Each structure stands twice: as structure tokens, then as C-alpha cells.
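Here the structure comes first, spelled out in C-alpha cells, and everything after it is commentary.
Because the structure is predicted, anything quoted here is derived from the model rather than measured.
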Amino acid sequence: MAREMTGAEMVIEALADQGVKHLFGYPGGAVLPIYDALFAQDRVKHVLVRHEQGAVHAAEGYARSTGKVGCVLVTSGPGATNAVTGLTDALMDSIPIVCITGQVPTHLIGNDAFQECDTVGITRPCTKHNYLVKSVGDLPRVLHEAFHIAASGRPGPVVVDIPKDVQFARGVYAKPKDFPHTGYRPRLKGDMDKIRQAIELMAQAKRPVFYTGGGVINSGRAASELLRELVKLTGFPITSTLMGLGAFPAGDPQWLGMLGMHGTLEANMAMHDCDVMICIGARFDDRITGRLDAFSPGSKKIHVDIDPSSINKNVKVDVAVVGDCAHVLEDMVRLWRTQARQPDKSALADWWRQIEKWRARRSLAYRPSNEVIKPQYAIQRLYELTKDKDVYITTEVGQHQMWAAQFYRFQEPNRWMTSGGLGTMGYGLPASVGVQLAHPRSLVIDIAGEASVLMTMQELSTAVQYRLPIKVFILNNQYMGMVRQWQELLHGGRYAESYSAALPDFVKLAEAYHACGIRCEKPGDLDHAIKEMIAVDKPVLFDCVVDPKENCFPMIPSGRAHNEMILGDAGVSPEEAVTEEGRVMV
Amino acid sequence: MNAPAPTSHYPAAPTAQTVETHTLSVLVDNEPGVLARVIGLFSGRGYNIESLTVSETEHQKHLSLITIVTTGTPMVIEQIKNQLDRLVPVHRVVDMTLAGNSIERELAMVKVRGRGEHRVEALRLADAFRARVIDATTESFVFEITGKSDKIEQFIELMLPLGLVEVARTGIAAIARGPEGMAAR
């Protein structure tokens, strides 16, 4: 049933029809008609952020923790440009976002009007697609198309730029079902011949490894279930990228831990020495591959990805399956079962023995202390004290992010929100706002660094306004830790500008925001303080004062291969690891 | 050789590989900004454009054909095609070079100025190249020439000593031989 209404009303109508419950935004001159339309209804709840970047990150957290499209509303000019970091972040990490931007009236476009910017020009390279809607007649189709494009195929952000006169103009609204999208239809089913070839390679593998990524999470819950089934059926080891954590449970013995620059030794060595690599929903990013010409030199590579442009981009693969992870995994599981494939058991047992030797080197080990809180210890205690709860974790970017990935053991998908591709400091706090809004009764923790969190600290105000009891767990080492680590390892210890000489008192800062502040400085007090943090029913800034000199290990040094990792000094040397293994065998 | 740069956390650049030239036909929706998306993709990802032509081909269906000549390693060419295919308004990408049965043509207009023997020679050469005179004054000609790029380049080279003033070229248009259209390929 077609109804006449204004463009602004169409926006709200379309959001409601697309199932949007929450909208993150910030008003301004060029979106006032839409805010007026928001005011008159209660189907879509608006969440007022403090900066447009925070709106996009909050929508990302909302989207990643629910699997739904995150929705943003900002004004023209600075509203749009402030959103660019968030849009780029969502593009890099394949997060479905629809961002509606106001624009100056059509007759003023190109005139350098007040708060005008070329929004579609600026956001073209940082969105999956974008639109400038010049006629109210196009608006319903464009809005529904935007949701379709954001959510289908490889997800990503879509911008819809709506001039103010189009928001005022009246037109006929139509429902999503009136616009069957014909042009953009990404392929979901994989080519069966390719899948058969993949199964054949897997069945003949002697040293196989699964290497999975964020694509499995994006594909939905079913993909994670099917992945677990396939890994169990085959008995192969599995590792994952930063983005893919939680698709396979970290508590499982077949789990090798995260791979890549700060991944575990066993994961990276398995990648280097394997003879068959099964990459599912990951993209051979440079943090994963290290030196390309020495990347897994002896392996046949299978790559499952919904985006054909991810295939053969960095690494040439032998079998490429273009399709959605869940669809392809379903076919793989079925083929493996019906053909009753069994890998070479003794070869696989040898492979696992080798992997256990690498594992015995305990690459994540660190030197514990009774004097200062080691950041790794802080994450371990946080994990132990929250693992039985319904918990969601977001992070900022840096050392704390890598420690969180290494020491917080994710058992389920959609529980881990981090900025992987773009590496956006300041992502975690606003993202946790979005997560908490989607899961009001869950425990939502932003594992943060003191430098990152200050980039978007103002969003604490949003959390307070909407009574969102997020916990910001700051590993405070007074440095931009990862910058300091690289300066130490690569630039002769010249710590240019990586020390924060004038940090705020985070407890007082929390109080100024009407939130709760907790400080902890001694390892002995940590458990009690974390329990206190969990018990508080409002936003908390937890200032966890940690060892400022601690580095994040293991690490693939600059431009090296997977088998050239350096371990921290607490790791076990190869010789000892062999004897330890020997003891196990006796 | 190929030693990693010690102060970078990025992998070293790959060693040089052989570069190929490919002609791509890209069928797109004829809508505002579609050319900007294509060109932005090339500049943003550091790909080369040797030649680019674009024009509406099917008015009723709002379709345009973009023909791009680009260079890169085989892996980069594959990336370019996949990245183009990923753009929402792009319907089809066909690698005319890989298909191996395409015809490529270009049109150029060449202005030559001169008198006496030079003028006669220019006209004679134009005749040999089947270039048409589309404008003339007592001291100049504008020739229209179509053909493969190398033929046009050869013609321009010959006009140089005879008083070449300027050249306007369309860039390459390409089409496959045989009865099948692009949609069927």
C-alpha cells in the first residue's frame, strides 16, 4: 500500500520497515526535518552520541554483536566528515552499516554553502556503495537498496546523502518488497567442483591447518556451528585471525590460538610448515602473512571467500571457492561425511606431535610479578572472573588489544568486537555503547589502553545518559604501548612522543562524567577490584595501573616469515621444550 | 637481495614481475558518479590507466560501456577485474585480451600545417593510411584516421616533420568477434 509522506518521514518509515530499533546520531541543520520526524514516533529509538565517529563505532558494535545492520544519522559537512573514520573502519572489517547524512538543499550543492561538503565524493572510497538522493521519488528505493547492499555479500557501510529539500519534499513511500534488487546479487553457493577438489586435497593432507577469519562470524551463527563440525570431523588443527576469534571455541584442544604478528608460535609454525591450508573467510592480510615470499612455502592452499577480489590478492591459492562461508561449509561437511573421508591417521598424529612440541614452548608466557600488575595477568584475571557470565568484549587498538586477543579465551562468535583492518584507536568505548544497547542485561567490557580511550572518552557521557553500564578496563602503562614497543625494537629505543606526560586522573574523570571510577595498582588487589567493577550497575572507568615496560610477545619481527618468530624471555627454549615433550611421552 | 627493511613492520615489496597490457570492457549502469567510482578505484589502488573510453551504449537500459586499457602483473590484472566487478553499478567485466578474439579500434583527428611539398606529402601519406580530410584551409588539413593504436601512432610520427600541430584521440574501443554479445559471454 503506497502512502504519501515527506522524505524525512520516509527515512523513519524505511528504518522501521527494515527492522531498525536503534539509531545512533547527532543532529544538525541539514538533518533537522528527519529529527522532526523522529520526534513524532517511537518505533525507532535515537541514541545521541557526543561525536559522529562515536556514532559509527557504536553502530559497528551493535552490528557485530547482533548480526544486524547498524544505523547512523548525521548532519552535512562536519557531521559527515567526522563519520569517515568509522565508515572506513566498517569497510575494512566488513561491518554492515547504513549511514544517513544530511546535505545542503540541492540548489546549493556545489556552491560552498554553509556546512556543505562533497559527501559522496569523500565517502566513495570508504564505503561499499553510496548515494546522493536528488529526488524524493528515488528515496524509498535507495533506502531499501542501501540495507540490501550493506547486509548482503561481503557486508560493508553504505552512505545515503539526502539534501534538505528532499527531506521536506512529499512523495509516495513504498515497502522493501516493492523493490526486488536485480543488479546486485552476490553469489552464496560455492562451485561444487571446486568444493570437491578442496575435500580431495584435505583428505590427502598430512599436515593440514584451518585458517579462519571474520568471514565465518559475518556469515552467521550457522557458519560457526558448521566450522566446529568440520574441524571435529577432520581432526585438523585450527587457528584464526584477530577478526575470527570466537568462531571456534578457544577451550578446545584442536585450537592453536590466534595467528599472525602477535599470534602463538604453534599457530604460525603450523601455517609455515603445513602441506594443506584451508582458509575460510580470511584475506591473507599482511599482519597474517609476514614476509610474502616465505609464506607457507610448501602448502597447497584452499581459499573460501564471498568476495572474489580477496582471492589471489596477496597469496596465490590452488583451490578458490567463491561463496558464503556457511553455504560452502555445509557442502564441505556433507561431502566429507557422505564420502566417508579419512585423513592419513598416522601422518596426522605425527603432525599433532610436532604441534605439541611448539605448544610446549609456551609462547605466550610472561614473567609474573607480585609488585606490579602485568598486563597479561590483568587480562587473565578478567577472563577468569567473567568467563561464566554473559559477556561481550570490545577493545581499543594497541598492546592491550593483542593481549586481550591472546589471553581472553572466546568460546562463542559475536562476543569480540575490535578494530582489525583499520586499527582505529578509540573504537572500543563507543563500540561498547552499541553492544550494551543491543544486550542491556549482558556484561560489556571495553579492554582499553589509556591513550586509545582518550580519543573517544566523550562517549562515556552517552553511556551515562542512556544508563548503559559499560565497563572500561584500562590497562594504563602511560605509554602508547605498541608505538613504544616498535620504537624499542626498531628505532633504537628513541621514544619520540609515545609517553603521555599529562594523563588525567581516571577516577576523578569518571566521577566528573557521573560514572564510577576504580583504580588498582597491586596484583593482590586486582581480583577484588574486578569483582567490584562487575558489581557496579553503572558505567565504570577501571584504571588498572600496569607495568609500563612490558612488551607484547611473541612477535613476527618486521618483514620476516612465520618461522622466525621472537618469543618473550619467559618462553621455553627449543631444547627444554623437547625435554618437556620427552617427559610427556614417558 | 630482497632483505626486509629493518625499520618497517610491513612486508618488503615483491620483486619485479613481468607486466602485461590488457583491454577490459566494463558494462555499467549509466548513472551519475559511475565513472568516478571506476577511476577512483584505479587511482586509489595504484593501478595504471593507459586508455579509457566511455559512452552510453543502450539508452533504454541505461547502460554504458567503459573500455579500459591497463597494465600490471597477471595477479594485479586479476585484482583489477575483481575489484571492478565488486562495484555495485558494474554489471560485467570482460577481459578482451584474455578472450583473445577481440577487435580494437581508435579514432584520431590530426591537424597538420604546411605549404608546398610538405602539404602534398601529407596528403599522399593520408591517402596511403586511408585517413580522410575533414577540414582544410589553404595552409592546413585535419585528417580523420581510424585503426589500431600502432597504426595511428605511425601516422602521427610521419606527420611530425610535415607540420604536425595537434592530435585528438578517442582512446580504444573494443568488441569481440563472432555472433555473441557481451551479455552472453
>> How close do A:Ile311 and B:Asn82 get, counting heavy atoms only, and between which atoms?
In response: O-ND2, 4.3 Å

> So, for A:Asn312 and B:Met75, which heavy atoms are closest and what is the spacing to 0.1 Å?
Replying inline: O-CE, 3.3 Å

Please classify the contact between [X] and chain B as side chain, backbone, both or neither, with a heavy-atom cut-off of under 4.5 Å.
| X | result |
| --- | --- |
| A:Asn314 | backbone |
| A:Val315 | backbone |
| A:Lys134 | neither |
| A:Pro308 | both |

> Of the backbone (N, CA, C, O) and the side chain (C-beta and beyond), which part of B:Glu78 lies under 4.5 Å from a heavy atom of chain A, both, or neither?
Replying inline: side chain

>> As an exercise: rank A:Asp307, A:Val120, A:Leu292 by heavy-atom pairs under 4.5 Å with chain B and give me the winner.
In response: A:Asp307

> Which distance, rounded to the nearest 0.5 Å, do you find between the CG of B:Leu41 and the CZ of A:Arg124?
Replying inline: 12.0 Å

> Atom CZ in B:Arg37, atom CG in A:Asn130: separation rounded to 0.5 Å?
Replying inline: 4.5 Å

> In terms of heavy-atom pairs under 4.5 Å, which option from B:Gln79, B:Lys81, B:His91 contacts chain A the most?
Replying inline: B:Gln79

Can you tell me if [X] has over 12 outside heavy atoms packed within less than 6.0 Å of its [atom1]?
| X | atom1 | value |
| --- | --- | --- |
| B:Ile175 | CD1 | no |
| B:Arg113 | CZ | no |
| B:Lys61 | NZ | no |

> When only heavy atoms count and the cut-off is under 4.5 Å, which of residues 134-150 of chain B reach chain A?
Replying inline: none

